[in-house]
Amino acid sequence: MANEYLKGIVRQTFRGADPDSTATAVWALVHGLALAMRLGGPSVLVDINRIAGLGRIDVIDGDRVRVGALVRHRQLVEQSVMPLLAEAASWIGHAAIRTRGTAGGSIAHADPSAELPVVAAALNAAIHVTGAGGTRTVSADDFFVGPLETCLTETEIVTGVELAVPTHWGFAEMSRRHGDFGLVTIVAAEVRDRVHLAIGGVGPTPIRPREAEHILATGPLGPSRVAEAAKAAAAAVTAGTDIHASAAYRIAMTEEFTRRALNRLVGTATEGAA
């Protein structure tokens with residue numbers, strides 16, 4: 001019902017609009033953060049806060065969660081169904097940002113340094129999209145196409161994100177101050193006995209270091225295998241230099257924080273077995 005209502009709003013809002021105004025208005029639906037960053041000045045704003053169903057977190061079949069687009073970061077921190085999401089969301093900005101910022105907005109904004117896109121990439125989340133033409137589901141691998149760029153068309157918005165609940169997980173982020181965007185963010189998540197990795201802050205989109213994942217799949221996660229996988233993760237990164245950090249520093253920190261995230265994953269496995 002919510003999807004049909006949402007499609008009706010999208011159709012009604014953009015009926016007869018020229019392509020430029022349509023793009024601007026839909027962009028405004030999902031990029032509130034970009035407004036605060038002065039990345040644009042849309043002429044039309046559409047408030048979707050009253051659409052029922054978009055502010056919920058639902059468990060699906062016991063091993064997946066669907067996070068509605070309007071779920072606030074604070075809700076993610078406070079929920080207990082998926083501790084990985086709670087940990088990642090606790091690193092987002094500060095209290096005011098976590099209270100008002102939304103999961104759908106963060107995913108659609110597609111900042112490669114943001115926490116939620118890295119979680120989505122690690123779990124290859126299913127991202128639900130609605131537009132005037134209907135609904136579709138896009139994998140995280142296909143959704144993020146560049147810095148602040150996604151595969152969304154000009155008349156589509158994110159309505160929810162569906163993620164597998166990992167049996168064990170690790171999260172590690174390096175930022176200059178808590179609340180800043182991460183210079184390096186690592187997510188490690190075990191799903192169906194395989195460890196998935198994603199790296200944020202070091203490329204135009206979150207990176208899945210496939211060779212590192214292959215190493216992790218070849219045996220128990222002891223110190224030597226964790227160290228080998230961390231080196232492989234760093235080798236997968238082609239970072240740039242900016243005012244915050246040099247490329248060499250980001251690559252070195254990728255190795256270090258991958259090691260930390262994997263050790264945290266091993267720790268959650270140990271805690272679960274205790």
Side-chain angles (χ1 to χ4, degrees), residues 1-4 6 30 51-92 98 101-110 114-130 134-144 150-152 156-171 185-200 205-208 210 213 216-217 261-262 264-266 268-269 271-273:
M1 186 68 180
N3 272 343
E4 290 304 313
L6 182 55
V30 294
I51 298 178
L54 296 188
R56 295 175 42 167
I57 301 173
D58 296 307
V59 179
I60 303 170
D61 298 328
D63 62 355
R64 299 183 69 80
V65 296
R66 187 185 191 280
V67 179
L70 294 182
V71 169
R72 266 49 184 184
H73 303 320
R74 176 182 53 80
Q75 292 174 258
L76 294 178
V77 174
E78 294 173 352
Q79 57 81 36
S80 59
V81 174
M82 191 169 174
L84 170 57
L85 271 179
E87 175 68 15
S90 73
W91 285 79
I92 297 174
R98 290 191 294 273
T102 63
S106 179
I107 294 295
H109 186 56
E115 291 80 5
L116 296 189
V118 186
V119 174
L123 297 172
N124 195 21
I127 298 168
H128 301 291
V129 173
T130 297
T135 63
R136 63 187 179 116
T137 301
V138 185
S139 70
D141 284 349
D142 297 325
F143 185 80
F144 302 110
T150 71
C151 70
L152 289 172
E156 289 181 320
I157 65 172
V158 172
T159 55
V161 183
E162 191 173 320
L163 310 102
V165 177
T167 51
H168 310 298
W169 58 273
F171 181 91
T185 300
I186 309 292
V187 172
E190 183 179 331
V191 178
R192 299 185 182 89
D193 298 323
R194 291 190 65 90
V195 177
H196 300 238
L197 289 172
I199 309 168
T205 63
I207 296 169
R208 288 284 300 276
R210 304 293 183 176
E213 292 180 341
L216 295 170
L262 288 171
R264 175 60 179 146
L265 181 146
V266 173
T268 62
E271 292 163 11

- Least distance between heavy atoms, Ile51 atom then Leu70 atom: O-CD1, 4.5 Å

- Item | Over all atoms of both residues, closest heavy-atom pair of Ile107 and Phe144 | O-CE2, 3.4 Å

- Gln79 and Leu85: which non-hydrogen atoms are nearest, and at how many Å? NE2-CB, 3.7 Å

- Give the C-alpha distance, both sets of side-chain angles, the deciding distance and a yes or no for side chain to side chain contact (heavy atoms under 4.5 Å, CB included) between His109 and Leu116. CA-CA 10 Å; His109 186 56; Leu116 296 189; over 6 Å; no

- Query: Do any N or O atoms from the side chain of Arg136 and from the backbone of Thr130 form a donor-acceptor pair under 3.5 angstrom?
  - Reply: no

- Roughly how far, to the nearest 0.5 Å, is the CZ atom of Arg72 from the CD1 atom of Ile92? 13.0 Å

- Distance-only, no hydrogens or angles: does the Thr268 side chain make a donor-acceptor pair with backbone N or O of Trp169 under 3.5 Å? yes

Please output the side-chain donor-acceptor pairs of residues 117-126 that fall under 3.5 Å, not counting sequence neighbours, one pair per line with the distance.
from   : atom 1 : to     : atom 2 : distance (Å)
Asn124 : OD1    : Ala140 : N      : 3.3
Asn124 : OD1    : Asp141 : N      : 3.1

- Does some side-chain heavy atom of Thr150 sit less than 4.5 Å from a side-chain heavy atom of Val138? no

- List for me each residue that meets side-chain hydrogen bond (donor to acceptor under 3.5 Å, both in side chains) alongside Glu162, sequence neighbours excluded, and say none if there are none. Arg64, His128

- Message: To the closest 0.5 Å, what do you measure between CD (Glu78) and CZ (Arg98)?
- Response: 10.0 Å

- Note on the structure: Residues Leu76 and Ala103: closest non-hydrogen pair is CD1-CB, 4.3 Å

- Message: Just verifying a value: how many Å separate Leu197 CG and Leu216 CG, rounded to the nearest 0.5 Å?
- Response: 5.5 Å

- Query: Does the side chain of Thr159 reach to within under 4.5 Å of the side chain of Arg66, using non-hydrogen atoms?
  - Reply: yes

- Message: Can you tell whether the side chains of Glu213 and Arg194 come within less than 4.0 Å, N to carboxylate O?
- Response: no

- Below 4.5 Å, heavy atoms only, C-beta onward: do Val161 and Leu163 meet side chain to side chain? yes

- Item | Asp142 CG to Ile127 CD1 distance, which is reported to the nearest 0.5 Å | 9.5 Å

- Message: Any side-chain to backbone donor/acceptor pair from Arg208 onto His196? Under 3.5 Å, distance only.
- Response: no

- Message: So, taking the atom named CG in Leu262 and the one named CD1 in Ile186, what distance separates them when rounded to the nearest 0.5 Å?
- Response: 8.5 Å

- Which atoms form the tightest heavy-atom contact between Phe171 and Leu84, and what is the distance? CB-CD1, 4.2 Å

- Distance-minimising heavy-atom pair for Ala108 and Val158: CB-CG2, 4.0 Å

